[in-house]
Number of protein chains: 2
Amino acid sequence: MAAAPNKYESIRDQVLDLVHGLDVGAAIPAERELCEQFGVSRMTLRRAVDDLVREGYLDRRHGSGTFVAEPKIAQQLTMTSFSEDMRRRGLVPSSQTLSLTTVTAGAPLGRHLEISPRAQVRRVRRLRLADDRPMAIETLHVPSELVPGLQARDLVDTSFYELLAERYGIEIGAGLQTIEPTVLNAEEGELLDVPEHSPAFLFERTSRSVGGRIVEFVRSVYRGDRYQLQVELRPPRTRGGRADGERVSAQDPAIASAMQTHPNSPE
Amino acid sequence: MAAAPNKYESIRDQVLDLVHGLDVGAAIPAERELCEQFGVSRMTLRRAVDDLVREGYLDRRHGSGTFVAEPKIAQQLTMTSFSEDMRRRGLVPSSQTLSLTTVTAGAPLGRHLEISPRAQVRRVRRLRLADDRPMAIETLHVPSELVPGLQARDLVDTSFYELLAERYGIEIGAGLQTIEPTVLNAEEGELLDVPEHSPAFLFERTSRSVGGRIVEFVRSVYRGDRYQLQVELRPPRTRGGRADGERVSAQDPAIASAMQTHPNSPE
DNA sequence: AAGTGGTCTAGACCACGGC
DNA sequence: CCGTGGTCTAGACCACTTT
């Protein structure tokens, strides 16, 4: 059970257990009481509770108490696969492999994958469907050496991330995704069953293993009429505290917008 | 400038000033040294530095020191105004009011603002520029009764949120923003100085005051060639600490993607 | 070994909410 | 008023990195 070396992590887990036994809206015991119960100082107890508040399990009300929070509507967008993403919305994901080829990386792809331009890359093009209607076209690139023996049928009804983990022992650690608006070309329109020039999202995702190595570069085009993003915006400062007219503080980076300074990024 | 009631906020700002005078990668003074310099305890100093680390200004290296971080490609998107958003990227924001009118809400707008369809609404249309080049067209709707006496010049070089806070005492508490790809029509293309049918982002934002009342509904169209979104994807679990198989922890919900079930939203 | 950040304590006082 | 969370202190010891 990988005992936490830190007291506050252990306390966090214990308080979380306590929370699980309570109803939404119920108050947890006062901080000083919990301190005594767990035998820790208030600073340590608060650090544990701070975490749970950040994670959305608890709400604090100054002068009143700490309460079990409403389950969040918008859960974190983590390292979700297409299948996960669709299932979460009550749709049935499916997939149709359009092509599975091996190509030489070349300069731009080599840069994205941080490998030699002469390295071999497996390239999978898939049509992604939700409730049997086209949703996106996904083009996935993986360094060949990472996935020896990869075959088209491996991808039929398995999440690619599961495949990576279970067959190749590769654990995804982090990713960066850029999002742009685009319009569909004729071929994309036909595949997605919408008119050419329809608006669409272009996602480009780069994922790294826990070791820091780039595992995949994915380029996906999503139908703009079926797919929409939602962002929950939080006020600059979590606290009631004011001040700081100059800069907006950031609680925890998750989404950011960035300028594309050079519209002609060599890709 | 609204002196911070909290010592750690004031310290945060002072440390940030210090950081601004250093190069990327340079070490800041040791924590104990800063404590003495600012005359605060180490816990307080650390809380200030914690914030700056979370905000991406500093990197800590255990046993080694605290260093000025590489400017983040992906800064946090909070309840940021356009001006903030641009400034953060080193661009100079400006604004050009295209129109300021009063209209009757009507059904769709009334629904967005949660007011009567017969209520009056101030409607501001603005061209938003970055470094004097068009970036977005923003159409803002606010219930008239919330902003009596609003004039066009009020919006010239003030953040709308500042105006709300300082003049009308309205504090923004939370917001929900949807993002879709779209293409520009002829008028939008002309205003933004790009060809008609160019890809663009359509943002729709609904903001609530801390009291829960809807304060604004904003519809913005951003040039797709100049504006790009970035999402940092994190794996399901951040810590090494395990336990809790049941619920996916949310470090901090910020973005979620949602399906648009009915492509013909009556808007 | 010396210096750094990381954790933790046992208090204290303040600010807010509700009785 | 009392109980709650919010801030702050002045230490202590631990864990890690560097020399």
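No hydrogens, no waters, no symmetry mates; every other heavy atom, side chains included, goes into these values. From a predicted model like this one, the values you see are computed outputs, not experimental measurements.
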Would you call B:R54 and B:D51 a salt bridge, taking side-chain N to carboxylate O under 4.0 Å as the test?
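B:D51 and B:R54: salt-bridged.
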Phosphate contact ([N] OP1 or OP2) by [X] side-chain N/O below 4.0 Å:
X	N	value
B:S41	D:dA10	no
A:Y8	C:dC8	no
B:T44	D:dT9	yes
B:R47	D:dT7	yes

Between [atom2] on [N] and [atom1] on [X], what's the gap in Å once rounded to a whole number?
X	N	atom1	atom2	value
B:E36	C:dG3	CD	P	14 Å
A:D51	C:dT7	CG	P	10 Å
B:K7	D:dT7	NZ	P	13 Å
A:E31	C:dA10	CD	C1'	15 Å
B:L58	C:dG6	CG	P	11 Å
A:E33	D:dT4	CD	C1'	12 Å
A:R12	C:dT7	CZ	C1'	18 Å
B:L34	D:dT9	CG	P	14 Å

Partner set under side-chain hydrogen bond (donor to acceptor under 3.5 Å, both in side chains) for [X], not counting sequence neighbours:
X	value
B:R32	none
B:Q14	B:S10
A:R61	none

Residue list, side-chain contact (heavy atoms from CB on, under 4.5 Å) with B:E114, at least two apart or on another chain
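Checked B:E114 against side-chain contact (heavy atoms from CB on, under 4.5 Å); matches are B:R208, B:I214.
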Would you please name every residue forming a ring pair (Phe, Tyr, Trp, His ring centres under 6.0 Å) with B:Y222, sequence neighbours left out?
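Ring pair (Phe, Tyr, Trp, His ring centres under 6.0 Å) list for B:Y222, sorted by chain: B:F203, B:Y227.
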Nearest to the side chain of A:R60, which nucleotide is it out of D:dG5, D:dT7, C:dG6?
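Output: D:dG5.
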Nearest to the B:R46 side chain among C:dA10, D:dT7, C:dT7, which nucleotide is it?
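Ranking C:dA10, D:dT7, C:dT7 by closest atom to the B:R46 side chain puts C:dT7 first.
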Minimum side-chain heavy-atom gap B:F160-B:E138 below 4.5 Å
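In short, these two side chains do not touch, never coming nearer than 4.5 Å.
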Table of protein N/O atoms under 3.5 Å from nucleotides 11-17 of chain C N/O atoms:
residue: C:dA15; atom: N3; partner: A:H62; partner atom: NE2; Å: 3.0

